[in-house]
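These values consider heavy atoms only, across backbone and side chains, with no hydrogens, waters or symmetry-generated copies. Numbering of ligands and ligand atoms starts at 1, following listing order.
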Amino acid sequence: MSLQLKQVDVLIIGAGLAGVTVALHLPETYRILLVSKRDVTSSNSDLAQGGIASSYLEPSSLDHAHDTLVASKMTAQADRVVTLVEDGRGVVSEMERFGVAFDRDESGYKIGREGAHGKHRIYHVGGDETGRHVMTALRERLPQNVEVMEHVLIDGLTKTGGRVVGATGFQGDERIHIQAGAVVLATGGIGGLVDWTSNCRAVTGDGLVLASAAGAELSNLTEIQFHPTLLAVETPHLVTEALRGAGAELVDEDGCHVMRHHPLGSLAPRDEVAAVLTRHCGPVYLDTSRVKDIAARFPKLWATCQAERIDVARIPVRPGLHFHMGGVRVDETGSTGVAGLYAVGEVADTGVHGMNRLASNSLLECWVFGKRVAASVRLEERPFTVTEVTAYELSKEAFQAYRRRLGNWLTISPEFGEMRSFLENTQQLARTKHVTRQLAERTLQLEAGRILARAFMRMEEFHEQNVTARTAHTISN
Ligand code: SIN
């Protein structure tokens, strides 16, 4: 196997909005390497439909902060929320300077509304293809000093004297070692670990594994958001909440409104809608009869329904894994607490989402905190050391079987028995020093699953101890 060595000032792992924002805001004198596990467009940012929430045209960001906190059930960190929404007032004009053309008509911006937002404040591009258009425009603006490498799988971070100084991985099947003054994790969430997801399948929690091995703290890992409306077909796609913002209603087989008991109806916070739909017996549909100009406003959905031969007036939906609120704990600058290592976007736990993210706050978070990471990256060249990386020795069939098991317990109602046996069995797996790209990829996915399973088990143990303590307290009184 041949070996490629690279030296850069900043290595950014992940080419979605978080990574690209950092790259766009670093000085052009830096050598920057931006790596993507598949082709650059294989990111959740490219798939984003709804848009970007901003109080750009409101008198202040107060209402946006309020909606963000209420959607999080007051569990988001208030000071970080203020940073998100206040810095986020600039996102529309700032992205426009980079060539993003938000949708407008003769009366100004076409601003949408989504679940748990008190008002219309979602800016979009190309209707429900915001992510694709934003990412195309921004990637075109990446300067010469940013080298983009596709099909690079990073399987380990290297450290010297407590500082992260680079990474090891594969480009194609060739081993690659990268020495970097700073490393930014922008690897996205965990959705690709399971089949019922709105996420890009390449997004499988790699950043959690890399950060944890480097000594960074992971937090709130059990906070996982399920989106209520994935298209209920073999390979699910997201059906954007903006469709409900435009008047679509969730109905059952008989046309009765499924969310009729909630004051916000079909536009209730998405965790509540997903929970109701999960408990609901029988199919659920989006009745779009009140949505005007659906083909023009939701071109991606329209095309998908045509391809799947689905009647766009009555779209079958079901919940699926959508977003990871927890992740690598970072401060307000995106620093992980491990020297030289930053995290941004869905992989990071910035504290802005608490236990339930407000719709269209994720692209906003990538932009606001991506700029902050860029501002705080301080370079310090250090000697390069290569840490030995090992991988699970695992056939394709065995890996697929573990992946299916992971999908069985990583659901809206986690299955603790299955999770325990997954942990016990993967614990026994043999490891090899002869790491190939395939083994590295399988290992990262199973390690991400193990990190999540351990977090759920800790939560369950804590819950049991609490119940025991409360019962003992009641008895002694
Ligand atoms: C959606 O368009 O429904 C998803 C947007 C988001 O996740 O914020």
Show me which atoms of ligand 1 lie under 4.0 Å from any heavy atom of A359. 8 (O)
When only distance counts, is E114 in polar contact with ligand 1, meaning an N/O pair under 3.5 Å? no
Rounded distance [0.5 Å steps], CG in L446 versus CG in L423: 11.0 Å
Does E234 have more than 12 heavy atoms from other residues, nucleotides or ligands lying within 6.0 Å of its CD? no
Can you check whether S362 has an N/O within less than 3.5 Å of an N/O in ligand 1? no
From E447 atom CD to T204 atom OG1, the distance as rounded to the nearest 0.5 Å: 12.0 Å
Check this for me: does any side-chain nitrogen of one of D271 and K73 sit under 4.0 Å from a carboxylate oxygen of the other? yes
Residue E241 vicinity, atoms of ligand 1 by number, heavy atom under 4.0 Å: 1 (C), 2 (O), 3 (O)
Option among H280, H257, R244, R260 that satisfies the side-chain contact (heavy atoms from CB on, under 4.5 Å) test with L250: R244
Heavy atom of the protein closest to atom 8 (O) of ligand 1 (residue, atom name, distance): S360 N, 2.5 Å
With heavy-atom distances below 4.0 Å as the criterion, list the atoms of ligand 1 near G50. 2 (O)
I'd like to know if A242 contacts ligand 1, where contact means a heavy-atom distance under 4.0 Å to any ligand atom. no
How many angstroms lie between CG in L230 and OG1 in T197, if you round to the nearest 0.5 Å? 7.0 Å
Those atoms of ligand 1 less than 4.0 Å from some heavy atom in H227: 1 (C), 3 (O), 4 (C)
Salt bridge check: are K371 and E94 linked by an N-O gap of less than 4.0 Å? yes
Going by the order shown, which atoms of ligand 1 are within less than 4.0 Å of some heavy atom of H322? 4 (C), 6 (C), 7 (O)
Would you say T240 and ligand 1 have an N/O pair spaced under 3.5 Å apart? yes
In terms of atom number and element, which parts of ligand 1 are under 4.0 angstrom from non-hydrogen atoms of L238? 1 (C), 2 (O), 4 (C)
Considering residues, nucleotides and ligands other than Q438, do more than 12 of their heavy atoms fall under 6.0 Å from its CD? no
Where's the contact between T229 and ligand 1, heavy-atom distance under 4.0 Å: side chain, backbone, both or neither? neither
Tell me which one of R270, H124, Q49 gets a heavy atom nearest to atom 4 (C) of ligand 1. R270
Please report, to 0.1 Å, the donor-acceptor pairs under 3.5 Å made by any side chain of residues 212-221, with sequence neighbours excluded.
residue: E217; atom: OE2; partner: R329; partner atom: NE; Å: 3.1
residue: S219; atom: OG; partner: D349; partner atom: OD2; Å: 2.7
residue: N220; atom: ND2; partner: D349; partner atom: OD2; Å: 2.8

